[in-house]
Participant: 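Quick one: the structure is below, and I'll ask about it shortly.
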Amino acid sequence: MNNKQIANTLHQLADFLEMKGENTFKVQAYRRAARAVESSRVSLTEIQDQLEQISGIGKGTASIIREIIETGQLAMLEEIRLQLPPELPKLLHLPGLGPKSIYTLYQQLGITNINELKELAEQQKVRSLPGFGPKKEEKILAAIENYSEGPARIYVHQAMFVAESLRVKLSTIDQVEQVELAGSIRRWKETIKDIDFVVATVHPIEVGKQIVSWSEVKQVIGQGETKVSITVDIEGIVMGVDFRLVTPEQFASSLHHFTGSKEHNVRIRQRAKQYGWKVSEYGIEDTKTKQMMTFQDEQALFAKLELPWIPPELREDRGEIEKAEQNQLPTLVQLSDYRGDLHMHTLYSDGANTVREMAEAAKELGYEYIAITDHSRSLKVARGLSIEEVYEQWEEIDKVNQMVEGITILKGAEVDILTDGTLDYPDDLLQGMDIVIASIHSQFRLDEKAMTRRIIRAIEHPLVNIIAHPTGRLLLRRDPYEVNMDELFQAARDTGTILELNANPYRLDLKDTYLQQAKEEYGLKFTINTDAHAIGGLSQIQFGIATARRGWLEKEDVINTYSLSELKQVLRKK
DNA sequence: GCCGTTTTCGGCCCGACTGTTTTCAGTCG
């Protein structure tokens with residue numbers, strides 16, 4: 001029984017209780033406990049007697065968790081399952097439908113799943129329920145239609161592309177005084193549902209009218225005095241965009257409010273309450289005098305609450321408030337710290353450019369060094385290099401090092417970790433390289449034990465410097481391998497092996513929470529690389545840096561910020 | 001159900017929008 005499973009059970013319990021009309025604070029309490037379980041760094045099975053010490057878990061939830069651990073289930077939940085249809089919570093996924101409506105649908109019409117809901121809505125049986133009507137019925141049918149296509153999340157690089165083109169359009173509107181991205185995209189989450197803009201203007205209605213008149217607008221979802229909500233289609237990328245229209249005085253507070261995260265905001269409001277203040281998107285109100293304070297910028301807003309400014313990437317309620325209170329926020333790594341990319345491909349394997357073209361493009365970005373790391377021989381689909389070809393490439397790298405000044409090209413390879421954990425090249429070949437990256441490109445579906453052993457064997461290899469994309473996930477497409485991350489981190493620490501944060505926006509692997517954990521608990525170092533397959537791919541480093549910041553990494557945690565001699569020292573340490 | 005340098009009881013974050021109502025509940029972020 002792992003933490004994830006325990007948290008899931010608590011979430012299910014909360015969902016069911018909410019639909020049964022249970023006290024909302026009680027439901028919130030279970031949700032909060034579930035969140036606490038999820039973010040716990042230790043396995044709850046190992047600290048069963050100390051559960052109550054976790055904030056958000058009291059006597060009641062603690063005994064519930066113990067029951068889950070001991071029996072593998074929860075009697076209370078099983079009992080509710082007998083009373084309520086098991087598929088009912090799935091209806092919560094439909095936008096516009098909340099627990100209250102769902103319970104009404106179940107009680108009055110006996111609806112137990114999405115199909116039955118669809119059927120009765122089509123027969124116009126839903127509109128006559130109390131609190132329902134024709135519009136709501138239509139909305140339900142539209143929601144069911146969309147639901148079958150799955151939840152539409154967009155990769156951060158695509159969302160950023162859409163956002164930047166809209167930002168340009170916004171800035172051409174005369175009445176717009178200030179524009180800033182907010183929401184999850186400002187926090188650089190790896191996938192994005194909606195884009196949020198905060199717009200400062202004294203003519204909100206007029207600005208709203210102009211926005212909905214753009215040719216990119218596919219659908220207007222809502223249009224009020226302070227908010228315009230649309231769907232856009234820009235070069236085939238379809239996504240929702242919300243514009244919050246506020247006065248210049250409200251701008252800083254609104255920016256903070258709509259940047260979130262929700263959990264971060266809750267903490268901020270709780271803090272403000274201690275001072276007798278109320279925080280909203282319009283400012284901070286003194287509860288007694290009813291006076292509204294507004295702020296020049298976010299810095300001033302945080303300062304009012306006696307906190308230093310917290311970078312948006314940290315605003316997830318993962319400890320940033322506590323660190324800010326102690327004035328111990330990390331100095332996050334930034335793009336300007338970055339000195340060289342250590343993972344890229346060329347025409348030798350499945351890349352699109354020559355060694356020289358990659359080197360010159362990197363030099364253009366101001367890098368001091370790069371490593372050429374083409375695929376190894378077993379990876380036929382990517383035209384992995386034979387041993388012979390590796391020697392050829394070394395000769396070419398030597399030549400380009402002579403020709404292109406101001407940047408050093410390191411000889412490397414991305415060597416496949418074979419199913420048994422051995423490497424795809426012999427040791428004497430690897431010995432001749434400056435840098436060896438090992439990674440998995442086949443046999444993704446081993447069980448956890450076999451996969452963990454496989455990767456750890458590669459980590460323990462004395463010539464392996466880096467494990468690339470360690471969990472193998474492809475965002476929105478493929479789950480990570482089954483692997484025990486704690487054992488992996490421990491092996492990396494014991495051997496001085498560096499773990500990669502792959503900056504490719506389809507991967508972003510290791511993910512933010514693993515980075516934070518691996519740094520805090522194991523003191524690991526990391527490398528951020530683009531895995532570029534063409535010169536254009538090098539610029540994707542920004543997504544890696546952003547993810548590193550979400551993982552609380554500082555400059556010294558990332559070896560790509562080291563000088564070449566420092567880097568070589570780290571590589572030799574192994 | 002959880003929690004406490006004002007509390008062991010009485011709170012628990014805040015406001016907009018929608019669609020339903022005829023003053024507001026539900027949902028969302």
Side-chain angles (χ1 to χ4, degrees), chain A residues 10 13-14 17-19 21-36 51-65 76 91-105 126-140 142-143 182-187 192-198 204 208 220-229 240-246 250 253-254 256-285 287 292 305 315 317:
Chain A
L10 289 171
L13 183 63
L17 290 178
E18 190 169 33
M19 277 179 299
E22 182 59 87
N23 177 306
T24 48
F25 297 114
K26 195 170 175 177
V27 174
Q28 292 301 338
Y30 282 127
R31 293 243 160 84
R32 186 170 171 228
R35 252 173 54 76
L51 293 175
E52 285 93 338
Q53 288 169 22
I54 300 173
S55 176
I57 297 178
K59 255 176 134 177
T61 315
S63 71
I64 282 178
I65 292 174
M76 182 175 19
L91 299 182
L92 285 167
H93 296 300
L94 298 172
L97 272 194
K100 292 277 178 354
S101 311
I102 292 171
Y103 195 60
T104 306
L105 288 166
V126 170
R127 58 178 63 188
S128 52
L129 293 178
F132 289 73
K135 286 253 174 87
K136 187 148 184 176
E137 197 176 64
E138 277 169 39
K139 249 184 138 176
I140 289 171
S184 57
I185 195 168
R186 181 165 181 241
R187 303 198 312 278
I192 308 290
K193 195 158 132 283
D194 296 305
I195 295 171
D196 289 287
F197 277 107
V198 178
V220 179
I221 295 161
Q223 190 176 359
E225 254 180 73
T226 65
K227 176 183 170 180
V228 173
S229 205
V241 189
D242 287 348
F243 301 86
R244 309 289 175 156
L245 309 167
V246 299
Q250 297 163 342
S253 278
S254 283
H256 175 261
H257 176 87
F258 291 113
T259 296
S261 65
K262 202 171 137 194
E263 291 78 13
H264 169 90
N265 284 355
V266 168
R267 295 292 307 274
I268 289 289
R269 294 205 192 97
Q270 286 169 344
R271 183 178 176 85
K273 252 187 125 149
Q274 297 167 9
Y275 297 82
W277 299 335
K278 208 165 69 175
V279 177
S280 77
E281 57 263 54
Y282 305 121
I284 298 184
E285 188 189 280
T287 322
M292 181 67 89
L305 296 167
R315 300 183 197 169
D317 191 21

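In what follows, every chain begins at residue 1, and chains take the letters A, B, ... in the order their sequences are listed.
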Participant: Toward the 5' end of DNA chain B, which comes first, A/H257 or A/S55, by nearest nucleotide?
Facilitator: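 Nearest-nucleotide comparison on DNA chain B picks A/S55.
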Participant: Please pick, from B/dT18, B/dG15, B/dC17, the nucleotide with the shortest atom-to-atom distance to any side-chain atom of A/T226.
Facilitator: B/dC17
Participant: In terms of side-chain heavy atoms of A/P99, which of B/dC14, B/dT27, B/dG29 is nearest?
Facilitator: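 The closest nucleotide is B/dT27.
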Participant: Under 4.0 Å between any heavy atoms, over every strand shown, what does A/P134 touch: base, sugar-phosphate, or nothing? Just pick one.
Facilitator: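 A/P134: backbone/sugar contact only, no base atoms under 4.0 Å.
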Participant: Among B/dG1, B/dG15, B/dG29, which is the nearest nucleotide to the side chain of A/R244?
Facilitator: B/dG29
Participant: Could you tell me the separation between the CG atom of A/L245 and the NZ atom of A/K227, rounded to the nearest 0.5 Å?
Facilitator: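 Here the interatomic distance stands at 11.0 Å.
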Participant: So, do A/P99 and A/L92 sit near enough that their side-chain heavy atoms are less than 4.5 Å apart?
Facilitator: yes
Participant: CG of A/L129 versus C1' of B/dT20: gap in Å, rounded?
Facilitator: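 In whole Å, B/dT20 C1' and A/L129 CG are 13 Å from each other.
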Participant: Nearest to the side chain of A/S280 - B/dC3, B/dT20, B/dG15?
Facilitator: B/dG15
Participant: If we only count heavy atoms from C-beta on, is the A/L10 to A/T61 side-chain gap below 4.5 Å?
Facilitator: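 Counting from C-beta outward, A/L10 and A/T61 do come under 4.5 Å.
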Participant: With respect to the phosphate group of B/dT27, does any side-chain polar atom (N or O) of A/K139 fall under 4.0 Å of OP1 or OP2?
Facilitator: no
Participant: Tell me the partner of B/dT8, counting only Watson-Crick (N1-N3 plus N6-O4 or O6-N4) or G-U wobble (N1-O2 and O6-N3) with both under 3.5 Å; none if nothing fits.
Facilitator: none
Participant: Provide the distance between the two P atoms, one in B/dC28 and one in B/dT20, to the nearest whole Å.
Facilitator: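 It comes out at 15 Å once rounded to the nearest Å.
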Participant: Expressed as a whole number of angstroms, how long is the span from A/E52:CD to B/dG4:P?
Facilitator: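 Nearest whole value for this atom pair: 14 Å.
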Participant: Would you say B/dC2 has OP1 or OP2 under 4.0 Å from some side-chain N or O of A/Y30?
Facilitator: no
Participant: For A/L13, report the nucleic acid contact type (base, sugar-phosphate, nothing); a contact means any heavy atom under 4.0 Å.
Facilitator: nothing
Participant: Output the single nucleotide from B/dG19, B/dC12, B/dG15 whose closest atom is nearest the side chain of A/F25.
Facilitator: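 Nearest to the side-chain atoms of A/F25, counting from C-beta on, is B/dC12.
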Participant: Could you tell me how far B/dG15 sits from B/dG10 if I compare only their P atoms? Round to whole Å.
Facilitator: 25 Å
Participant: Within less than 4.0 Å of OP1 or OP2 of B/dC2, is there a side-chain N or O belonging to A/T61?
Facilitator: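 Indeed, a polar side-chain atom of A/T61 lies that close.
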Participant: Counting side-chain heavy atoms from CB outward, which of B/dA16, B/dC28, B/dG29 is closest to A/K262?
Facilitator: B/dG29
Participant: A/V228 and A/Q223: which non-hydrogen atoms are nearest, and at how many Å?
Facilitator: CG2-CG, 4.1 Å
Participant: Between A/F132 and A/L105, does the side chain to side chain contact (heavy atoms under 4.5 Å, CB included) criterion hold? Intermediate values first, please.
Facilitator: CA-CA 10 Å; A/F132 289 73; A/L105 288 166; 4.0 Å; yes
Participant: Would B/dT22 be called syn or anti here, given the cut-off of 90° from 0?
Facilitator: anti
Participant: Nearest to the side chain of A/E281, which nucleotide is it out of B/dG15, B/dG11, B/dG1?
Facilitator: B/dG15
Participant: For the side chain of A/A29, counting heavy atoms from C-beta on, which of B/dC2, B/dG26, B/dC14 is nearest?
Facilitator: B/dC2
Participant: Is the distance from OP1 or OP2 of B/dC12 to the nearest side-chain N or O of A/K273 less than 4.0 Å?
Facilitator: yes
Participant: Please determine, for the side chain of A/D194, which listed nucleotide (B/dC3, B/dG19, B/dG29) has the closest atom?
Facilitator: B/dG29
Participant: By the 4.0 Å heavy-atom rule, please label A/F258 as base, sugar-phosphate, or nothing.
Facilitator: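 Nothing, no heavy atom under 4.0 Å.
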Participant: Given B/dG15, is OP1 or OP2 found less than 4.0 Å from the side-chain N or O atoms of A/K278?
Facilitator: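 A/K278 to B/dG15 OP1/OP2: side-chain N or O found under 4.0 Å.
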Participant: Both A/N265 and A/G222 contact DNA chain B. Which one's nearest nucleotide lies toward the 5' end?
Facilitator: A/N265
Participant: Are the side chains of A/M76 and A/I64 in touch, meaning some heavy atoms are under 4.5 Å apart?
Facilitator: yes
Participant: Checking all strands, does A/E263 fall into the base, sugar-phosphate, or nothing category for heavy-atom contacts under 4.0 angstrom?
Facilitator: nothing
